[in-house]
Amino acid sequence: MSLYGGMTATPGSNGCLCDLRSDTMTGPDAAMYEAMTSASVGDDVYGEDPTVTTLEHRLAEMLGKEAAVFFPTGTQSNLAAVMAHCGRGDEIIIGNSYHIYCDEAAGVSVLAGVSMNAVPTDENGALTPETITGAIKADDPHYARTRLVCLENTVGGQVISLDKMAAAAKTARSAGLSVHLDGARFFNAITALDCGAKDLADCADSVSVCMSKGLGAPVGSVLVGSHALISQARRNRKILGGAMRQAGVLAAAALHALDHNLPDLARDHANASRLAAALNKLQAGDVRLGSNMVFFTPRDGLHDKLRAHMADAGVRIGGQSPAIRMVLHRDVSDEGVDAALAAFESYFAMP
Ligand SMILES: *Cc1c(COP(=O)(O)O)cnc(C)c1O
């Protein structure tokens with residue numbers, strides 16, 4: 001019935017018991033499919049898709065912003081946001097581990113003529129006020145014009161405190177810069193921070209939120225901000241080819257996720273803690289835990305052997321090295337976590 005076979009607590013599309021490679025591996029469950037098939041739709045390019053409009057209003061309201069626009073991907077949402085904040089020859093200040101800098105094929109430079117001043121973060125993944133201040137360029141015709149600070153939360157699963165976010169935003173704003181927050185995992189961040197959506201969104205002028213990660217929708221991101229900014233971002237979405245027609249079938253999945261799936265993020269974080277605790281107990285390598293992610297660097301260095309062993313047990317883990325990433329999400333059941341723990345134990349018990 002499901003293209004993904006994605007009912008929670010059942011094996012995923014690839015037949016494995018537990019796919020820890022990413023929280024993008026979530027598929028719609030039966031109730032989400034039901035919401036999609038019963039969605040009211042219209043041509044959203046004409047502004048006539050009621051479900052998309054409802055989703056945009058819902059996110060804007062939740063995050064305390066004036067307006068929102070629905071995108072097919074987070075990459076396009078971030079790009080359209082940067083284009084709305086900046087013109088050609090402008091520069092953004094961004095953490096050198098952040099997604100826009102590392103994982104979006106330099107789209108802001110390639111397509112928007114915006115240069116990236118990628119700066120080190122603190123050990124937690126945050127941009128500090130000192131780093132931001134030091135990266136702002138003087139108004140001089142030799143230089144790119146510093147225009148925007150791009151924050152991220154969570155960063156590789158690490159949760160940045162509200163104090164740090166607010167301090168970065170204050171520094172940026174007092175220098176006349178705008179602030180964009182790549183909140184692909186915004187809801188993981190506020191779950192871990194135990195704060196309201198507005199508390200975190202207040203730290204930025206625009207926020208991009210992914211619906212297709214831990215929330216479990218198959219597609220989509222939403223960008224929120226002021227009326228003026230979102231209207232420009234909507235124009236940018238058209239330029240980038242992301243204006244969709246009866247996108248209500250997708251927005252319905254995102255609305256369903258907002259209505260039903262938010263509380264499960266705490267369970268994913270608890271499962272990540274459980275996995276990290278078990279790995280720590282095995283004393284088989286370095287373990288780092290943050291929200292729904294665990295990074296494990298096996299001391300034996302035999303990553304391929306470990307991955308093959310885990311796969312035999314129906315557990316897929318990340319292909320990275322030295323630290324292997326494991327991401328907990330709603331399609332990893334408690335039994336899936338049990339299977340992962342058992343497979344790690346049997347691997348490290350091997351002679
Ligand atoms: C996943 C992700 C995005 C957007 O990714 P898409 O695959 O384009 O939806 C942006 N930023 C961060 C931090 C992400 O993890």
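Both ligands and their constituent atoms are indexed starting at 1 by order of listing. The model shown is predicted, which means the values in this text are computed figures rather than measured ones.
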Checklist line | ligand 1 N/O within reach of Ser221 N/O, cut-off under 3.5 Å | finding: no
Notebook entry, point to check: Which is closest to atom 11 (N) of ligand 1 in terms of heavy atoms, Asp23, Asp182, Asp103?
Noted result: Asp182
Note to self: Can you see whether His180 engages Ser208 through a side-chain donor-acceptor pair at a distance of less than 3.5 angstrom?
What the structure shows: no
Check: Nearest non-hydrogen atom to atom 12 (C) of ligand 1 belongs to which of Arg185, Met211, His99?
Finding: His99
Note to self: Between Tyr347 and Asp300, does the side chain to side chain donor-acceptor pair (under 3.5 Å) criterion hold? Intermediate values first, please.
What the structure shows: CA-CA 11 Å; Tyr347 178 84; Asp300 67 9; 2.9 Å; yes
Checklist line | Residue Ala184 vicinity, atoms of ligand 1 by number, heavy atom under 4.0 Å | finding: 2 (C), 3 (C), 10 (C), 11 (N), 12 (C), 13 (C), 14 (C), 15 (O)
Next item on the list: Give the residue, atom name and distance (to 0.1 Å) of the protein heavy atom nearest atom 14 (C) of ligand 1.
Entry: Lys213 NZ, 2.7 Å
Note to self: Whether the His269 and Asn188 side chains hold a donor-acceptor pair (N or O, under 3.5 Å, no angle test) is what I'd like checked.
What the structure shows: yes
Next item on the list: For Thr73, take its heavy atoms, then give the atoms of ligand 1 lying under 4.0 Å from any of them.
Entry: 8 (O), 9 (O)
Notebook entry, point to check: Taking NZ, NE, NH1 and NH2 as the nitrogens, is one of them in Asp304 or Arg307 under 4.0 Å from a carboxylate oxygen of the other?
Noted result: yes
Notebook entry, point to check: Is the shortest distance from a Lys or Arg side-chain nitrogen in Arg245 or Asp49 to a carboxylate oxygen in the other one below 4.0 Å?
Noted result: no
Item checked: Arg145/Asp140 salt bridge by N-O under 4.0 Å criterion -> no
Notebook entry, point to check: What part of Gln76 sits under 4.0 Å from ligand 1 if we count only heavy atoms: the side chain, the backbone, both or neither?
Noted result: neither
Notebook entry, point to check: Which residue holds the protein heavy atom closest to atom 9 (O) of ligand 1, what is that atom called, and what is the gap in Å?
Noted result: Gly74 N, 2.8 Å
Next item on the list: Using a strict cut-off of 4.0 Å, indicate which atoms of ligand 1 neighbour a heavy atom of Glu152.
Entry: 13 (C)
Note to self: Checking a contact table here: which protein heavy atom is nearest atom 7 (O) of ligand 1, and how many Å away?
What the structure shows: Thr75 OG1, 4.5 Å
Next item on the list: Quick one: look at Asn78 and ligand 1, take heavy-atom pairs under 4.0 Å, and tell me if it's side chain, backbone, both or neither.
Entry: side chain
Item checked: Polar contact flag, side-chain donor to acceptor under 3.5 angstrom, Thr54-Thr51 -> no
Checklist line | Asp29 side-chain N/O to Met32 backbone N/O, donor-acceptor pair under 3.5 Å | finding: yes
